[in-house]
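Working notes for the structure below.
None of these values were measured; they are calculated from a predicted model. Start at 1 with the first residue, then count along the sequence.
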Amino acid sequence: MTDNTEKQPKKSLVKSGLLLSLMTFASRIMGLIREMTKASFLGTSMHADAFTTAFMIPNLLRRLFAENAVSVAFIPTFKKYLAKGDDEENRSETQEFLKATFTLVSFLTACVVVVGIIITPLIVPLFCKKPADPNAADYAMQLQAWLLKKDEISILTRIMFPYLFVISIAAFFQGILNGCKIFAPSGFTPVLFNGIVILATYLLSPFTSNPARAMSIGVIAGGCIQALFQWPFVHQTGWKICFTSLKKTFSNPGTKQVIALILPTIVGMAAYQLNDVVSTALANRTGEGIASSLQYSIRLQELILGIFAVSIGTVILPDLSGLANSQKWDDFNKMLLQAIKIMTLISIPVTAYSLISGKEIISLLYKSKSFDDESVRLTLGAFRFHIAGLLFIALNRIISPAFYAQGNTKLPTLAGIISFGANIILALILSIFMKGNGIALALSLASLLNTVFLFIFMKKMNSIEVGKVLKGTLLYTLRIIILSVIAAIPTYFIHNLLVKVFSDGGRLLGFGMPVILSAIVFAIIGVLELIITRDELVKVILKKVKR
């Protein structure tokens, strides 16, 4: 076996990020189509809220254990094994580490799935507010609606809980491929997942009691496909995937290191990911349709965020880990600052444009018989506050790998805990006055606080030139804000004019043309501004394109 990381040509951040971005773009588009399918079949009804809640529970555990373990613990440890060399002894040690990790992931997630299915009835009441006033005139109707929703969430949760097991195996395969700098297969699997969910919804809905159950079956099928699709690519790397004994699993030095790295971050990641739990619980208690409208809004945000932040974050972690192991701190700081600037260049203009065209974007994508004007209103309110935090969420996903690459998981964990506490407090307060909009605003403010503390904690990392990174970030952010405002002013008036011109054009023309044409105007103005001001990133990107 050969070390893929050594034999493959070193890829630049821009080139690797572009390849993965294309894959992620396709997956996010399919994810959006999945939400459009959900909007078409369920709208913002009780079943939509039930599916949103039920899928959130195993999805929370996926992010907490599977993705967290791979990005924070497995890839850096795997890279260290690969860096030792290609002799027979090192290959054998690496293979034993992979077998032990595969066994660990499979055993733990299987246990969690079994326990989760058993205790589901105890979890679900946390997300359903039982009618409080028995003397209310419509108490019997409220009680019946509560029972129906509670039972539906329980059924959907039990259907989808095994998703945690199959997606954890898929995440393990992704970790091996990404550690070997093979990104395309893992980037493509979400496309397959979303395609399976969409197909299952259309094919199975006539045979299930409601479309939400058809979507839930699609989730399980899609997770299985994600794992199976990556296995041949893992096999091509030469590494064997098989089980070993639990004794060898927990005594393996590599898995011990993975566990040592993962345990502290579980607290921080749990704090961050529990934001979804609290938000969903509050949303369900605030009113019908709030939970699903928040999910539709988040999907739009993640469409943008996932294309670049997740892609660059995935690519940057192995490279930062390699630079940290080699102690090439100048290159480390340059790569970090460049990634931050790329995210700033993307996030701020997108935020500005989304605030202008949000209503038409939501109507174009979601509006249907089930997704009416009230659904548009609920989703638009949440979207405006969600999109305000786009930059901070993106930066958090770029800055955190700078800590993980050096084996420091405690500081970003602490930042996550602080952010979680702030989100809980803010969501509890703001949801009283602003309902779903308050929950969305709380998440954005908490993300801002997380970013601030990540920069504060950078001072404890001697390898990071905090002053240089912070100054470069602030100056570039201010620059892009000014350019975005300048571009947004004419775009705003042109957009409103286009809305009036195409008001009688139906869904596609009436909403689509204002969105597309105003986006073109905004983009042309923005690009001209960058060229006129001789933006440094434009020069870097043009050089890459010319090559």
State, without any angle test, whether Tyr353 and Ser518 hold a side-chain donor-acceptor pair at a distance under 3.5 Å.
yes

Quick check: does any side chain N or O of Thr451 sit under 3.5 Å from a backbone N or O of Phe392, one acting as donor and the other as acceptor?
yes

So, Gln295 side chain and Thr52 main chain: donor-acceptor pair closer than 3.5 Å or not?
no

Counting N and O atoms only, with roles assigned by atom type, does the side chain of Ser444 sit under 3.5 Å from a partner on the main chain of Gly389, one being a donor and the other an acceptor?
yes

Thr44: side-chain hydrogen bond (donor to acceptor under 3.5 Å, both in side chains) partners, not counting sequence neighbours
Ser375

Any side-chain to backbone donor/acceptor pair from Arg299 onto Leu32? Under 3.5 Å, distance only.
no

Could you check whether any side-chain N or O of Thr189 sits under 3.5 Å from a backbone N or O of Ser186, counting only pairs where one atom can act as donor and the other as acceptor?
yes

Leu426 side chain reached by Leu441 side chain, heavy atoms, under 4.5 Å:
no

List the steps, then state whether side chain to side chain contact (heavy atoms under 4.5 Å, CB included) holds for Met458 with Leu336.
CA-CA 12 Å; Met458 274 189 189; Leu336 175 61; 4.2 Å; yes

Would you mind reporting whether Thr344 and Leu395 have side-chain heavy atoms less than 4.5 Å apart?
yes

Would you mind reporting whether Leu300 and Ile387 have side-chain heavy atoms less than 4.5 Å apart?
no

Val469 and Thr473: which non-hydrogen atoms are nearest, and at how many Å?
O-OG1, 2.7 Å

On the 0 to 90° scale, with breaks at 30° and 60°, tag the Phe453-Phe457 ring pair as parallel, tilted or perpendicular.
tilted

Polar side-chain atom of Ser297 near backbone of Ser293 as donor-acceptor pair, under 3.5 Å
no

Can a donor-acceptor pair be found, under 3.5 Å and without considering hydrogens, that links the side chain of Asp49 to the backbone of Ser292?
yes

Evaluate the side-chain proximity of Lys359 to Arg377: yes if any heavy-atom separation is below 4.5 Å, no if none is.
no

Answer yes or no: is there a side-chain heavy-atom contact under 4.5 Å between Leu530 and Leu345?
yes

Begin with the C-alpha distance, continue with both residues' side-chain angles, and end with the deciding distance and a verdict on side chain to side chain donor-acceptor pair (under 3.5 Å) for Lys341 and Thr477.
CA-CA 8 Å; Lys341 287 184 176 181; Thr477 299; over 6 Å; no

Using a 3.5 Å distance criterion without hydrogens, assess whether the side chain of Asn194 forms a donor-acceptor pair with backbone atoms of Arg34.
no

Side chain to side chain contact (heavy atoms under 4.5 Å, CB included) for Gln226 and Phe173? Distances and angles first, verdict last.
CA-CA 10 Å; Gln226 281 186 286; Phe173 289 163; over 6 Å; no

If you round to the nearest 0.5 Å, how far is CG of Asn178 from CZ of Phe74?
10.0 Å

Looking only at non-hydrogen atoms, find the nearest pair between Thr286 and Gly436 and report the distance.
CG2-N, 4.5 Å

Do you know the tightest heavy-atom contact between Asn396 and Ser447?
ND2-O, 3.4 Å

From Leu474 atom CG to Leu470 atom CG, the distance as rounded to the nearest 0.5 Å
4.5 Å

Would you indicate whether Phe455, at its atom CZ, is surrounded by more than 12 heavy atoms from other residues, nucleotides or ligands within a distance under 6.0 Å?
yes

Give a yes or no on whether the ring-centroid distance for Phe371 and Tyr296 is below 6.0 angstrom.
yes

Any side-chain heavy atom of Phe502 sitting closer than 4.5 Å to one from Leu517?
yes

Go through it in stages, so that I can follow the logic: the residues are Val501 and Met513, the test is side chain to side chain contact (heavy atoms under 4.5 Å, CB included), and I'd like the CA-CA distance, side-chain angles, deciding distance and then a yes or no.
CA-CA 10 Å; Val501 171; Met513 293 305 291; over 6 Å; no

Point-to-point distance, once rounded to the nearest 0.5 Å, from CG of Leu454 to CG of Asn450:
5.0 Å

If you define the side chain from C-beta out and look only at heavy atoms, does anything of Leu430 sit under 4.5 Å from Ile439?
no

Could you go through the side chain to side chain contact (heavy atoms under 4.5 Å, CB included) check for Met56 and Phe127 one step at a time?
CA-CA 11 Å; Met56 178 271 302; Phe127 301 95; 3.4 Å; yes

Beyond-backbone contact of Ser279 with Leu443, side-chain heavy atoms, under 4.5 angstrom:
no

Check Lys367 with Asp372, please: is the shortest side-chain N to carboxylate O separation under 4.0 Å?
no

Quick check: does any side chain N or O of Arg62 sit under 3.5 Å from a backbone N or O of Ala171, one acting as donor and the other as acceptor?
no

Set out, in order, the CA-CA distance, both residues' side-chain angles and the distance that settles side chain to side chain donor-acceptor pair (under 3.5 Å) for Thr53 and Asn284, then state yes or no.
CA-CA 9 Å; Thr53 304; Asn284 277 310; 3.0 Å; yes

Heavy atoms of Glu288 and Leu378 approach each other most closely as O-CD1, 4.5 Å

How about Tyr163 and Phe193: are their ring centroids closer than 6.0 Å?
yes

Minimal non-hydrogen separation, Ala283 against Leu294, with atom names:
CB-CD1, 3.7 Å

Rounded to the nearest 0.5 Å, the CG atom of Asp373 sits from the CG atom of Leu380 at a distance of 11.5 Å

For Ile489 and Phe493, which heavy atoms make the closest approach, and how far apart are they?
O-CD1, 3.2 Å

Rounded at 0.5 Å granularity, tell me how far OH in Tyr492 sits from CG in Leu497.
12.5 Å

Sub-3.5 Å donor-acceptor pair from the side chain of Ser419 to the main-chain atoms of Gly416, do we have one?
no

Within the 3.5 Å criterion, strictly below it, is a donor on Lys38 or Thr201 matched to an acceptor on the partner's side chain?
no

So CD1 of Ile532 and CZ of Arg534: to nearest 0.5 Å the spacing works out to 11.0 Å

